[in-house]
Amino acid sequence: MPPQTRRTAFPKVVIERDTESEESSSDEEEEENDVEGKEEEEDEEEVDEHENGGTIEEVSAPKKKERTPITISLKKVCKVCKRSGHEAGFKGATYIDCPMKPCFLCKMPGHTTMNCPHRVATEHGVIPAPRRNTHNSLDYVFGRQLRPNIPTIKPAFVIPDQVNCAVIRYHSRRVTCLEFHPTNNNILLSGDKKGQLGVWDFGKVYEKTVYGNIHGCILNNMKFNPTNDGTVYAASSDGTISCTDLETGIALSLMNLNPNGWQGPSSWRMLYGLDINSEKGLVLVADNFGFLYLVDIRSNNKVGEAIMIHKKGSKVVGLHCNPVQPDLLLSCGNDHFARIWDMRRLEAGSSLYNLAHRRVVNSAYFSPQSGSKILTTSQDNRLRVWDSIFGNLDSPSREIVHSHDFNRHLTPFRAEWDPKDPSESLVVIGRYISENYNGAALHPIDFIDISTGQLVAEVMDPNITTISPVNKLHPRDDVLASGSSRSLFMWRPKEKSEIVQQKDEKKIILCGRAEKKPSKKFKGESDDSDDDILSTKAKNAKAKRPGPKSTPRNLKGKR
């Protein structure tokens, strides 16, 4: 056996630091001491072996001289432009812009986010709508049939601005979607990044259930069955549509786009947008390749072939059927377009109109009562409003500058209508850029009047320091549900006639690790920064799915 050579010591490590950077921490000094200690220990071991008669192949002298030091550079690198010498991002409550990029808020050059004119403007940079005189037949129908149902007097807005109850660390991963029960006012459904479905009775606070055996990864969207409020349809990134009985937690898979399991990222199909056409009895879902799928509610079977409604290879993240005329379908996706379709002739390239955006469109919704307005949320920090789908759709009626473009692992921000507002002008959306409130960096939830662009209210709680990208207004009560990281918060209006009292700790439930160590604050962990979604699917496709964490209950009050 040929003799083996052994290295007698590790090469010396030289750490170069930026002149502006801070001094080395105690942890780094300990690591350097550990490296030197290892070198000395190895030398001592070899000396002991030689003294005890062990045979060691000596290392030649030239090799010892060839050991060159390893240099590690710790210079500052900007996370935005990847260049050294400066940094960008949050410093406490302050967002520092990259000098190589335009303003992070309004995307315009010449100023920074801190002194952006849209940051302090009451109208948030609204572009007014030009006066349109179309006078076509559709405008006539709108004026005769729909406009009389819209009140001319705008009522006062009721803003839920105080946390009434909460569940801390309710989910094991960040919350991705919320949905209120159509008939039971106190039931809230929530989905998370792990594919779990949560059912929470926030009226009784402690009655909560999490079903973990429905999907293998992100639950992107869910809608209740219009004929049976005890079942809910959900679309997931595992490529399946589920129909779940909320009483038992038993889920029926209606469609699986990946029957052969994981075959690589290029072929893995994920489902994002979901809505229900109650007149036709169809569940509509869209995937990450630009296709739309139809599933019959009565037979629970797929109907027809997939239809390409967006650019091939782009995600279709949102679907919404018009509440007045369900045959009108609104879709949006990563190809920078929101598109209007007629479901009576759904074909590739047959959209009625294409609404262009500068970046990815996170959501697109018709107005909840008349269905005549359109609201979209785009990653270019703009909320776009079209006041009438019967008029000229070449340009939006208003563009509202708002901070919801993020550069970390978060659920996308979506502006949601207030379904109770008869004027169809109040929307709610979380804010990304933090503000300094008495020394605390908070991310408020904004209520915006889209008819004027004015900020009606910004609600926050000093104990909620995480970002709240998922928000949903109750269809009947003055309640706001918000998902912040893994926690859920319920907001109600603050009574003006009474002095605000300290929150009752019985209404704050601590789950997970915090269950044994109760805390007065509801500060959740920071939003998870996870690895690539596709690698998670590969693991979940092989792993067995866990069962429900707690005992299910009857939503109608039967025990």
Side-chain angles (χ1 to χ4, degrees), residues 160-181 186-212 218-219 222 408-411 413 428 430-432 434 437-438 440-445 459-474 479-494 500-530 546 548-553:
D161 54 358
Q162 185 179 26
V163 174
N164 178 258
C165 57
V167 184
I168 310 302
R169 297 182 180 90
Y170 179 39
H171 285 278
S172 58
R173 304 296 285 275
R174 59 176 164 87
V175 176
T176 55
C177 57
L178 297 173
E179 193 73 21
F180 283 102
H181 197 277
N186 295 331
I187 299 297
L188 175 68
L189 269 63
S190 57
D192 70 358
K193 187 176 180 180
K194 197 175 181 180
Q196 296 176 339
L197 175 64
V199 185
W200 180 32
D201 187 344
F202 57 89
K204 299 178 181 177
V205 185
Y206 279 86
E207 292 196 8
K208 60 188 189 309
T209 304
V210 177
Y211 296 114
I218 310 176
L219 199 158
M222 54 186 171
R408 63 180 74 182
H409 293 269
L410 289 175
T411 303
F413 292 83
V428 61
R431 190 189 304 177
Y432 176 63
S434 60
Y437 295 98
N438 298 325
L442 303 182
H443 302 262
I445 301 170
V459 301
M460 81 283 301
D461 191 285
N463 293 315
I464 305 177
T465 58
T466 49
I467 305 171
S468 304
V470 187
N471 300 281
K472 193 89 175 175
L473 283 164
H474 201 285
V479 174
L480 168 68
S482 61
S484 182
S485 187
R486 299 182 293 154
S487 306
L488 298 179
F489 300 93
M490 304 304 299
W491 304 73
R492 292 183 182 273
K494 188 184 302 180
V500 179
Q501 299 179 354
Q502 191 175 3
K503 296 179 180 63
D504 186 2
E505 291 186 4
K506 294 181 180 179
K507 293 186 178 181
I508 308 298
I509 309 175
L510 301 176
C511 301
R513 297 179 182 176
E515 211 165 22
K516 297 180 181 179
K517 297 180 180 179
S519 173
K520 293 182 180 180
K521 294 185 177 181
F522 8 111
K523 177 181 179 181
E525 293 182 358
S526 59
D527 295 85
D528 50 351
S529 56
D530 307 304
K549 291 185 178 178
S550 58
T551 306
R553 74 209 178 290

Before you tell me yes or no, could you show the steps for Tyr206 and Val167 under side-chain contact (heavy atoms from CB on, under 4.5 Å), namely the whole-Å CA-CA distance, both residues' side-chain angles and the distance that decides it to 0.1 Å?
CA-CA 9 Å; Tyr206 279 86; Val167 184; over 6 Å; no
[X] to [Y] - nearest heavy-atom pair and separation:
X      : Y      : answer
His443 : Ser434 : CE1-CB, 3.4 Å
Ser190 : His171 : OG-NE2, 2.7 Å
Val479 : Met490 : CG1-CE, 3.3 Å
Gly212 : Gln196 : CA-CG, 3.9 Å

Indicate yes or no for a side-chain donor-acceptor contact from Ser468 to the backbone of Gly430 under 3.5 Å, with no hydrogens or angles considered.
no
Any donor-acceptor N/O pair, Ser487 side chain to Arg169 backbone, under 3.5 Å:
yes
To the nearest 0.5 Å, tell me how far [X] [atom1] sits from [Y] [atom2].
X      : Y      : atom1 : atom2 : value
Ile467 : Leu442 : CD1   : CG    : 11.5 Å
Leu510 : Tyr170 : CG    : OH    : 14.5 Å
Leu473 : Leu480 : CG    : CG    : 5.0 Å
Arg492 : His474 : CZ    : NE2   : 8.0 Å
His409 : Arg173 : NE2   : CZ    : 10.5 Å
Phe413 : Ile445 : CZ    : CD1   : 10.0 Å

[X] side chain near [Y] side chain, heavy-atom distance below 4.5 Å:
X      : Y      : result
Pro444 : Tyr437 : yes
Glu207 : Asn186 : no
Asp192 : Ser172 : yes

Full working for side-chain contact (heavy atoms from CB on, under 4.5 Å) between Leu188 and Lys472:
CA-CA 10 Å; Leu188 175 68; Lys472 193 89 175 175; 5.7 Å; no
Only one of Ile168, Val175, Ile509 passes side-chain contact (heavy atoms from CB on, under 4.5 Å) with Leu488; say which it is.
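Per the side-chain contact (heavy atoms from CB on, under 4.5 Å) rule, the option paired with Leu488 is Val175, out of Ile168, Val175, Ile509.
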Between Ser482 and Trp491, do the side chains contain a donor N or O and an acceptor N or O under 3.5 Å apart?
yes
Where do Leu410 and Tyr432 land on the side-chain contact (heavy atoms from CB on, under 4.5 Å) test, with the steps shown first?
CA-CA 10 Å; Leu410 289 175; Tyr432 176 63; 4.0 Å; yes
Sequence-distant partners of Val470, side chain to side chain contact (heavy atoms under 4.5 Å, CB included), two or more places apart:
Leu178, Thr411
Option from Thr466, Thr465, Asn471 for which side-chain hydrogen bond (donor to acceptor under 3.5 Å, both in side chains) with Ser484 holds:
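Passing option: Thr466.
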Apply the test side-chain contact (heavy atoms from CB on, under 4.5 Å) to residues Ile464 and Val163: give CA-CA distance (whole Å), side-chain angles for both, the deciding distance (0.1 Å), then the verdict.
CA-CA 10 Å; Ile464 305 177; Val163 174; 4.0 Å; yes
Could you tell me how the ring of Phe180 sits relative to the ring of Phe202: parallel (under 30°), tilted (30 to 60°) or perpendicular (over 60°)?
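Correct class here is perpendicular.
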